[in-house]
Protein chains: 4
Amino acid sequence: MPDSSRRNESSRRAILTAAFDLVGEIGYAKLSIEGIAARAGVGKQTIYRWWPSKGAVLFDAFLMMSEGEAGELPDTGDLEADLKAVLRATIAELRDERYDLPMRALNSEMMHDAELARTYAERLDVPMREMKKARLRKAVEAGQLSDVDLDLAVDVIWSPVTVRWMNRSGPLTEEFADTVVETALAGLRP
Amino acid sequence: MPDSSRRNESSRRAILTAAFDLVGEIGYAKLSIEGIAARAGVGKQTIYRWWPSKGAVLFDAFLMMSEGEAGELPDTGDLEADLKAVLRATIAELRDERYDLPMRALNSEMMHDAELARTYAERLDVPMREMKKARLRKAVEAGQLSDVDLDLAVDVIWSPVTVRWMNRSGPLTEEFADTVVETALAGLRP
Amino acid sequence: MPDSSRRNESSRRAILTAAFDLVGEIGYAKLSIEGIAARAGVGKQTIYRWWPSKGAVLFDAFLMMSEGEAGELPDTGDLEADLKAVLRATIAELRDERYDLPMRALNSEMMHDAELARTYAERLDVPMREMKKARLRKAVEAGQLSDVDLDLAVDVIWSPVTVRWMNRSGPLTEEFADTVVETALAGLRP
Amino acid sequence: MPDSSRRNESSRRAILTAAFDLVGEIGYAKLSIEGIAARAGVGKQTIYRWWPSKGAVLFDAFLMMSEGEAGELPDTGDLEADLKAVLRATIAELRDERYDLPMRALNSEMMHDAELARTYAERLDVPMREMKKARLRKAVEAGQLSDVDLDLAVDVIWSPVTVRWMNRSGPLTEEFADTVVETALAGLRP
DNA sequence: CCATAACCGAGACGGTACGTCATGTCTTCCA
DNA sequence: TGGAAGACATGACGTACCGTCTCGGTTATGG
């Protein structure tokens with residue numbers, strides 16, 4: 001097993017940057033370890049030494065890119081407005097090619113790689129979800145939300161956007177974001 | 001371009017069956033055109049002649065397998081109970097390895113292949129969605145549902161399960177199905 | 001197993017020519033299958049499909065180059081003069097870089113590859129040896145040579161040159177050729 | 001350049017022993033510097049510091065193994081018998097796998113590495129050849145041998161065995177040794 | 001009698017080549 | 001002519017070594 005204290009940090013960064021950029025440029029299907037190594041000016045073995053799979057490289061690339069990204073969700077006191085703002089921002093990001101392609105690549109890979117999915121959940125999904133739950137918890141305390149399971153609440157609010165993005169099953173508009181929030185909060189019953 | 005009237009139907013079926021079975025056995029990553037051809041006892045060219053991509057083969061395999069599957073959703077008059085039954089059935093299917101792996105393969109492929117996603121939407125998603133909307137429309141007519149956009153309603157009810165399946169972000173239990181239906185119908189507000 | 005009736009003859013020739021030329025240019029140590037394939041404008045698999053080893057390619061390259069080369073050794077009636085002429089010609093060839101390097105490569109490979117050595121013996125050495133023996137046989141019939149085992153006679157006459165070439169254990173001059181022939185014929189005893 | 005006074009003798013011996021043993025076990029083709037270093041429990045750099053090439057290591061391994069081996073060839077007064085005994089011993093050694101493989105490796109390497117061949121000639125071949133010439137010289141003095149160039153005599157006597165070993169062009173039997181000696185001494189002419 | 005310079009083990013690094021596998025195209029031969 | 005068979009050029013796979021390099025640690029003088 002490799003001795004990580006001897007690891008060359010600049011190679012690591014070059015690999016992750018190359019991977020992220022290449023996925024955006026040529027797409028996941030054409031992404032190859034050889035391509036990443038060549039672009040990063042690195043031997044293939046240096047990739048194989050430190051990552052078990054292409055997906056793992058991509059995941060670390062994501063981690064690096066989103067490093068120190070978020071802190072917490074906005075809280076203006078108006079829950080509905082805050083959620084709409086966040087969902088609109090998410091949609092804007094998903095419509096940006098620079099994020100869309102790499103995210104599709106990562107999600108696609110997670111689809112068959114359970115281990116990668118687990119790591120993703122732990123390192124990226126859980127922190128994000130905690131932020132979301134924190135905002136909802138404040139709403140519960142303020143009496144603006146019923147005392148449901150917060151994980152479920154997060155699922156109900158964010159899933160429709162995720163699915164529409166993944167499957168391209170409809171247009172990803174800001175109106176969609178707004179209506180989803182309204183419906184999730186109010187429910188479908190009259 | 002090939003003349004489909006001369007097409008050998010038994011080769012077509014052998015290819016689709018082989019593709020579906022192989023995805024279940026060895027997973028999508030290791031699935032190859034050569035493997036499908038060998039398993040189907042068919043020349044590679046016969047695959048390349050009739051399908052533009054591996055994803056397209058997989059998709060047709062799906063179509064064949066789900067041929068004449070559904071008609072309509074149950075309607076006992078109790079909307080909540082009916083939706084719970086349907087979602088529980090969906091979950092049961094998603095937990096069955098024989099469906100899980102091929103579905104993951106197809107969804108993963110759709111993630112980067114917009115054309116495939118379009119075809120999927122048209123041939124599989126829209127019909128399914130129409131069934132769901134038909135059931136909801138009856139509920140609206142019965143005054144059990146407010147007069148929201150039915151596509152949105154379908155999204156809100158079915159997306160949480162889809163996302164949890166795709167990302168393995170939590171356990172896919174029947175309780176989850178039930179709670180999602182209850183919450184979607186009632187809303188999050190107190 | 002490959003079907004040799006479908007074999008592409010022009011690829012075969014390109015590979016053998018490339019192998020022979022490359023060995024002369026860059027030497028055996030730096031000769032690689034990839035290099036041969038690239039130079040020949042051929043896929044690596046096409047080499048691996050038809051030859052079991054680098055040595056086998058080299059050997060076939062030799063066969064092609066020396067195709068239809070010899071018929072028989074000169075016979076002027078003067079055995080000693082004829083043998084000297086043949087050995088001098090051999091030495092001239094061995095001093096020519098274009099033959100020296102590839103021959104060294106082949107001989108070196110034969111050194112550890114018994115199978116290759118067997119093939120070489122059968123296809124190149126035996127025919128050559130038969131030519132030599134034919135000339136010696138005529139000398140025996142003419143009473144110019146004692147009735148020894150002809151294989152042994154060939155060994156005694158040709159080996160000293162071979163060893164000196166292989167091991168560079170001394171200068172490969174025409175004088176050497178002459179003296180070897182004289183000594184072999186006359187013997188070492190006074 | 002390295003200071004040989006500080007050289008670690010035990011590492012040197014471990015490397016040479018490992019090299020010699022490995023060549024016997026896995027053959028020259030699969031012999032690697034990494035393998036030698038690992039087997040010897042030594043860093044790769046320690047090999048690169050002291051030897052310019054794999055062949056040089058192998059050569060030193062030979063030197064170490066054959067250290068203090070010979071003194072002189074037997075002299076019973078009967079030249080023919082003595083030469084037969086020596087050649088039979090040589091053949092026995094060449095048929096011993098423990099010597100055959102490493103020797104083939106070394107000879108093969110010398111074939112393309114002129115520098116190595118020069119060193120070999122100087123350090124191993126010349127001493128051996130001197131021993132042989134010394135014995136022949138005594139025979140000349142005793143009037144048992146004509147006054148030919150002794151190097152030539154050595155070539156004529158020993159080369160046939162060497163070539164037959166290298167090229168596997170025939171069986172390496174004791175009869176062969178005997179007949180070669182008889183023929184070389186007596187000559188081919190009736 | 002320590003300081004300092006070397007050797008040493010270990011092993012990461014940028015590379016090259018390996019031998020295998022799959023791609024998508026093309027050709028041959030059969031029904 | 002559609003289809004089974006499979007050779008072909010291409011290119012990525014993951015592995016093995018190459019020869020260089022840097023890292024601590026350990027001798028082993030020489031000031």
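By convention in this document, chain letters (A, B, ...) are assigned in the order of the sequence lines, proteins followed by strands, and residues within each chain are numbered from 1.
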Dump the intermediate steps for side-chain contact (heavy atoms from CB on, under 4.5 Å) on B:Tyr120 and B:Leu116, then the final yes or no. CA-CA 6 Å; B:Tyr120 175 86; B:Leu116 181 62; 5.5 Å; no
Separation of C:Ile36 atom CD1 from F:dA9 atom P, in whole Å? 14 Å
What's the CG-C1' distance between D:Leu31 and F:dA16, to the nearest Å? 14 Å
Against the side chain of C:Trp50, the closest entry in F:dA7, E:dA12, F:dC8 is F:dC8
What's the CG-P distance between C:Asp3 and F:dC8, to the nearest Å? 10 Å
Tell me which of A:Lys30 and C:Gly41 sits closer to the 5' end of DNA chain F, going by the nucleotide each one is nearest to. C:Gly41
Is there a donor-acceptor pair closer than 3.5 Å between any side-chain N or O of A:Arg168 and the backbone N or O of B:Met111? yes
Heavy-atom neighbours of C:Glu97 CD exceed 12 at 6.0 Å: no
Rounded to whole Å, CZ of D:Arg12 lies from C1' of E:dG9 at a distance of 19 Å
CG on C:Leu58 to OH on C:Tyr28, rounded to 0.5 Å: 6.5 Å
Kindly compute the distance separating CG (D:Leu16) from CG (D:Asp21), expressed to the nearest 0.5 Å. 10.5 Å
Considering every strand and a 4.0 Å limit on heavy-atom distances, what is the contact class for D:Arg7: base, sugar-phosphate, or nothing? sugar-phosphate
Length of the line joining B:Ile47:CD1 and F:dA5:P, which is rounded to integer Å: 12 Å
Between C:Ser32 and E:dT16, is there a side-chain N or O to OP1/OP2 distance below 4.0 Å? no
Do B:Thr46 and B:Asn8 make a side-chain contact, defined as non-hydrogen atoms from C-beta onward lying under 4.5 Å apart? no
Would you mind telling me which of A:Arg6, A:Arg12, A:Arg7 makes a salt bridge (charged side-chain N to carboxylate O under 4.0 Å, His left out) with A:Glu9? A:Arg12
With rounding to the nearest 0.5 angstrom, report the OG1 to CD1 distance, D:Thr17 to D:Ile36. 11.0 Å
So, does A:Asn107 use its side chain to make a donor-acceptor pair with the main chain of A:Met103 at under 3.5 Å? yes
Output the rounded distance in Å from CZ (A:Arg49) to C1' (E:dG15). 12 Å
Between D:Val42 and A:Ser4, the residue closer to the 5' end of DNA chain E by nearest nucleotide is D:Val42
For A:Arg49, is the CZ atom crowded, meaning more than 12 foreign heavy atoms sit under 6.0 Å from it? yes
In short, the helix from E:dC1-F:dG31 to E:dA31-F:dT1 is bent end to end, axes from five pairs each side, to 10°, by 10°
Rounded to the nearest angstrom, tell me the gap between atom OH in B:Tyr28 and atom C1' in E:dA22. 13 Å
Does B:Thr46 make a side-chain N or O approach to OP1 or OP2 of F:dA4 shorter than 4.0 Å? yes
Return whichever of D:Gly43 or A:Ala40 has its heavy-atom-nearest nucleotide of DNA chain E closer to the 5' end. D:Gly43
Nearest whole angstrom, please: distance from the P of E:dC7 to the CG of D:Asn8. 11 Å
Taking OP1 and OP2 of E:dG14, is either one under 4.0 Å from a side-chain nitrogen or oxygen of A:Ser11? yes
What does nucleotides 24-31 of chain E look like as a protein-contact string, B for base, S for sugar-phosphate only, - for none, at under 4.0 angstrom between heavy atoms? BBBBB---
